[in-house]
Amino acid sequence: MNIEDVVDIFTRLSGLAAEDIIKFRFMCLNAYEYVKSHTKSGTDMGVYGGRLTFAAATLAYYGYILWCLTDGDGSEIKVGDISVKPVSEKQLDSAEKLCRNAFSAVSEVFDDGSFVFERI
């Protein structure tokens, strides 16, 4: 798992132009660090590296979609040099499902600190 692979997958998911990806690299880096810090030690990266990379990229993409929706109506956002394309609630739902599926695929080696109370 490396940051450049996360950025590459994020680029394909987002459909952003290369010059715009630079502006959102921080999202990829944050997602990469999050996944890296929550991956159990001793994880076989030969087996799980690709899935962990994809999970980080989908987390960054989900963050990007949320960023795009921050104005509430899905219209284009311009903050300084950064322009964000409009997105829909359907895209948000799809990004969330994609992210959940990606994290589900690495659940056995990913420790997010959550727990569930179950009845026996």
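Given the structure is predicted, the values throughout are model-derived calculations rather than measurements. Numbers here are sequence positions counted from 1. Note that these values count all heavy atoms, side chains included, but never hydrogens, waters or copies made by symmetry.
Residue K36 qualifies as open at atom NZ: its count of foreign heavy atoms under 6.0 Å is 12 or below.
Both F26 and L66 belong to a single network of hydrophobic side chains, linked directly or stepwise wherever heavy atoms of I, L, V, M, F, W or Y lie under 4.5 Å apart. V6 is not connected to I22 by any chain of hydrophobic side-chain contacts under 4.5 Å among Ile, Leu, Val, Met, Phe, Trp and Tyr, and they are in different clusters.
Here the closest heavy-atom approach between residue A102 and residue A55 is recorded as CB-CA, 3.7 Å. Taking all atoms of both residues into account, the shortest heavy-atom contact from R51 to E108 is NH1-OE2, 4.1 Å.
For the pair L92/Y62, a side-chain contact is recorded, criterion being any heavy-atom separation below 4.5 Å from C-beta on. Side-chain contact between R100 and T58 is absent, with no heavy-atom pair separated by less than 4.5 Å. Put simply, the side chain of M27 does not reach to within 4.5 Å of the side chain of Y61, judged on heavy atoms. V35 is not listed as a side-chain neighbour of V106, based on a closest heavy-atom distance of 4.5 Å or more. Within the 4.5 Å cutoff, no side-chain heavy atoms of F54 are placed close to those of D5. Looking only at side-chain heavy atoms (C-beta outward), Y64 and L16 come within less than 4.5 Å of each other.
No donor-acceptor pair under 3.5 Å is formed between the side chain of T43 and the backbone N or O of T39.
To the nearest 0.5 Å, the span separating CG on L52 from CG on N2 amounts to 12.0 Å. Considering SG of C28 and CD1 of I21, their distance stands at 6.5 Å, rounded to 0.5 Å. To the nearest 0.5 Å, atoms OH (Y32) and CZ (R25) are separated by 10.5 Å. Between atom OG of residue S104 and atom NZ of residue K97 there is a gap of 14.5 Å, rounded to the nearest 0.5 Å. Taken from CD in Q91 to CG in L69, the straight-line distance is 8.0 Å, to the nearest 0.5 Å.
For the pair D93 and K90, the salt-bridge criterion is not met [side-chain N within less than 4.0 Å of a carboxylate O].
Ring geometry for F24 versus F10: interplanar angle of 30 to 60°, hence tilted.
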Given the rule in the side-chain contact (heavy atoms from CB on, under 4.5 Å) test, do C99 and F103 qualify, once you have shown the distances and angles that lead to the verdict?
CA-CA 6 Å; C99 192; F103 277 90; 3.6 Å; yes
